Amino acid sequence: MTNLLKEKENYYFKLIVDLYIETGEPVASKTLVERFKLNCSSATIRNVMARLEEINFLEKYHISGGRVPSTTGLEYYAKYLIYNPQKYFNEKLEDLLAKRRIKIDATLEEAASIVSEMVGVTVVATSNNGSETLKSIQLTPLTDSSAIVVIVTSTGRVESKMFNFENENIEINDLKIAIRLFKERLIDTPLIELSLKAQALMPIFSQQIKNFEIILEKFVKKVFVFEEETKTKSFNKGAIILSKNIQREELAHILDLIENHSVWETIENNLDEDNNIKLDVSRPNLSIISKKIDFANNENIKELSVVGPSNINFEDSFELLNMLEKILKEKKHDN
């Protein structure tokens, strides 16, 4: 696909899309020459535009109007004229953070909220607890018939569960043995598998604990109660809601997408498979870029996505995703 355009055509096509992104309006040849002070005539640009229209990189809605990038053209622009996986933590976005006195170790929430507004896009962080594991389990007796079980997960989450055993003929010492066995056998087990794995310990429990069935049942039903969940958190939704380029009837579908679904899973077009980047410009008046985050240490956030109108600033959006990923990984490393 990179050989479709000659060097000069690449140059002019990039300027056309840049101007479209800046204004959100169809681009006319005369406007392009004047805006970028090009050393060529409007006729030359019209010829280039005609060629770009022939290969479906540009579209013309009206006979006398300018042209806008097509879906194919935007994909080409994003992939071959803008996207650069080596261009990490762009100076422009570093300056934006510095101006707001946000340090490099800013939390994801602070950085996403501030920079998404500056770039004028909606940022979506999608988390999934499927790989979150048990890292610690402790028992704190309260009375002769109650205790608190404290669970710490691989993401630093702390869960406390009340354990009542009044009239259950359970002794604190048996609970302590149960906790010891869980530490020996269940540490680093995914949370969503704890219940099943705990039940598999019944033969061991039967040899060391009195009333082991009751104790296991209580842990399975009251303590090890975790289900796989996918959650999304969005920042600067106003960029979508207030966009003049997005029709009101489309808005409900877009909001449902970013609030209730994995953005990554809805996109079929890989921009860069090696770097886990996807791009979708096929939807009416909407552009989506999604980056899959791979954490070896079980961080729950699995996706970062940028959602904006069709004239989204792709360059800033790519750098925004890279920046947020870097902040997220550095924050996790510090923890």
Side-chain angles (χ1 to χ4, degrees), residues 17-25 68-69 71 74-75 77-79 81-85 87-97 99-100 102 106-126 232-248 250-264 266-267 269 271-272 275-293 301 303-328:
V17 181
D18 286 346
L19 187 56
Y20 169 72
I21 287 173
E22 179 183 324
T23 65
E25 301 291 336
V68 299
T71 296
L74 285 174
E75 288 179 353
Y77 170 88
K79 189 168 186 177
L81 303 184
I82 290 296
Y83 178 61
N84 181 357
K87 193 177 180 182
Y88 239 35
F89 213 33
N90 178 282
E91 288 183 6
K92 178 179 178 182
L93 292 178
E94 277 195 82
D95 290 342
L96 290 176
L97 287 179
K99 289 175 184 177
R100 294 297 295 264
I102 299 293
T107 65
L108 175 71
E109 289 78 11
E110 290 173 320
S113 178
I114 291 171
V115 185
S116 61
E117 291 186 14
M118 291 179 171
V119 179
V121 296
T122 298
V123 171
V124 183
T126 304
T232 63
K233 187 168 186 178
S234 53
F235 305 88
N236 191 28
K237 280 195 289 190
I240 294 295
I241 296 172
L242 300 177
S243 173
K244 296 179 181 178
N245 295 324
I246 297 176
Q247 302 299 317
R248 297 304 92 185
E250 301 168 11
L251 188 58
H253 298 292
I254 297 170
L255 292 178
D256 176 66
L257 168 65
I258 66 177
E259 291 174 351
N260 302 311
H261 301 278
S262 160
V263 176
W264 174 271
T266 66
I267 301 176
N269 184 7
L271 175 66
D272 184 342
N275 286 288
N276 285 325
I277 291 277
K278 283 186 175 183
L279 171 70
D280 185 0
V281 292
S282 65
R283 304 166 193 261
N285 304 313
L286 188 71
S287 295
I288 305 174
I289 306 168
S290 188
K291 185 172 182 65
K292 202 172 187 68
I293 311 298
I301 292 177
E303 307 166 22
L304 291 170
S305 305
V306 167
V307 183
S310 55
N311 63 325
I312 190 175
N313 189 313
F314 287 99
E315 187 170 16
D316 280 356
S317 297
F318 286 130
E319 298 312 318
L320 170 56
L321 287 178
N322 287 333
M323 181 202 66
L324 293 179
E325 180 186 22
K326 184 172 183 178
I327 287 176
L328 190 61

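Note that the structure is a prediction, hence the values are computed from the model and not measured.
With sequence neighbours left out, the salt bridge (charged side-chain N to carboxylate O under 4.0 Å, His left out) criterion links Glu22 to Arg35. Evaluation of the side chain to side chain donor-acceptor pair (under 3.5 Å) rule for Thr71 yields no partner, not counting sequence neighbours. For Ser290, the side chain to side chain donor-acceptor pair (under 3.5 Å) partners at least two apart in sequence or on another chain are Ser305. The ring-ring contact (aromatic ring centres under 6.0 Å, His included) test applied to Phe235 returns no partner, not counting sequence neighbours. In terms of the side chain to side chain donor-acceptor pair (under 3.5 Å) criterion, Asn236 has no residue partners (sequence neighbours excluded). A search for ring-ring contact (aromatic ring centres under 6.0 Å, His included) contacts involving Tyr20 returns nothing, not counting sequence neighbours. Every residue two or more places apart in sequence or in another chain that forms a side-chain contact (heavy atoms from CB on, under 4.5 Å) with Asn276 is listed here: Trp264, Lys292.
Interatomic distance, Asp272 CG to Asn84 CG, rounded to the nearest 0.5 Å: 10.5 Å. Interatomic distance, Ser234 OG to Ile240 CD1, rounded to the nearest 0.5 Å: 10.0 Å. Atom CD1 of Ile301 and atom CG of Leu328 lie 4.5 Å apart (nearest 0.5 Å). Here the CD1 atom belonging to Ile327 is positioned 11.0 Å from the CD atom belonging to Glu109, to the nearest 0.5 angstrom. With values rounded to the nearest 0.5 angstrom, Ile241 atom CD1 is found 7.5 Å from Thr122 atom OG1. Taking CZ of Phe314 as the start and CD of Glu75 as the end, the distance is 9.0 Å to the nearest 0.5 Å.
Between Tyr83 and Leu279 there is no side-chain heavy-atom pair separated by less than 4.5 Å. No side-chain heavy atom of Val115 sits under 4.5 Å from any side-chain heavy atom of Val123. Counting heavy atoms from C-beta on, the side chains of Lys291 and Ile289 never come closer than 4.5 Å.
Nearest approach of Ile312 to Ser287, heavy atoms of both residues: CG2-CB, 3.5 Å. Here the shortest heavy-atom pairing between Asn311 and Gly24 reads ND2-CA, 3.4 Å. Heavy atoms only, all atoms of each residue included: Ala239 and Val121 are closest at CB-C, 3.6 Å. For the residue pair Ile288 and Leu286, the shortest heavy atom distance occurs at CD1-CD2, 3.9 Å. Nearest heavy-atom pair across Pro69 and Val17 is CG-CG2, 3.9 Å. Contact between Ser310 and Leu74 at its shortest, heavy atoms only, is O-CD1, 4.0 Å.
Residue pairs satisfying the salt bridge (Lys or Arg N to Asp or Glu O under 4.0 Å) criterion with at least one member in residues 279-290, sequence neighbours excluded, are listed as follows: Asp280-Arg283.
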Please report, to 0.1 Å, the donor-acceptor pairs under 3.5 Å made by any side chain of residues 251-259, with sequence neighbours excluded.
unit_1	atom_1	unit_2	atom_2	d
Asp256	OD1	Asn260	ND2	2.8
Asp256	OD2	His261	NE2	3.1
Glu259	OE2	Lys237	NZ	2.7

Tyr77 and Ile21: CA distance, side-chain angles, deciding distance, side-chain contact (heavy atoms from CB on, under 4.5 Å) verdict: CA-CA 11 Å; Tyr77 170 88; Ile21 287 173; 3.7 Å; yes
side-chain contact (heavy atoms from CB on, under 4.5 Å) between Leu271 and Phe318, intermediate numbers included: CA-CA 11 Å; Leu271 175 66; Phe318 286 130; 3.4 Å; yes
Could you go step by step and tell me if Met323 and Leu320 meet the side-chain contact (heavy atoms from CB on, under 4.5 Å) rule? CA-CA 5 Å; Met323 181 202 66; Leu320 170 56; 3.8 Å; yes
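Listed for the Ser116 side chain is a donor-acceptor partner under 3.5 Å among the backbone atoms of Ser113.
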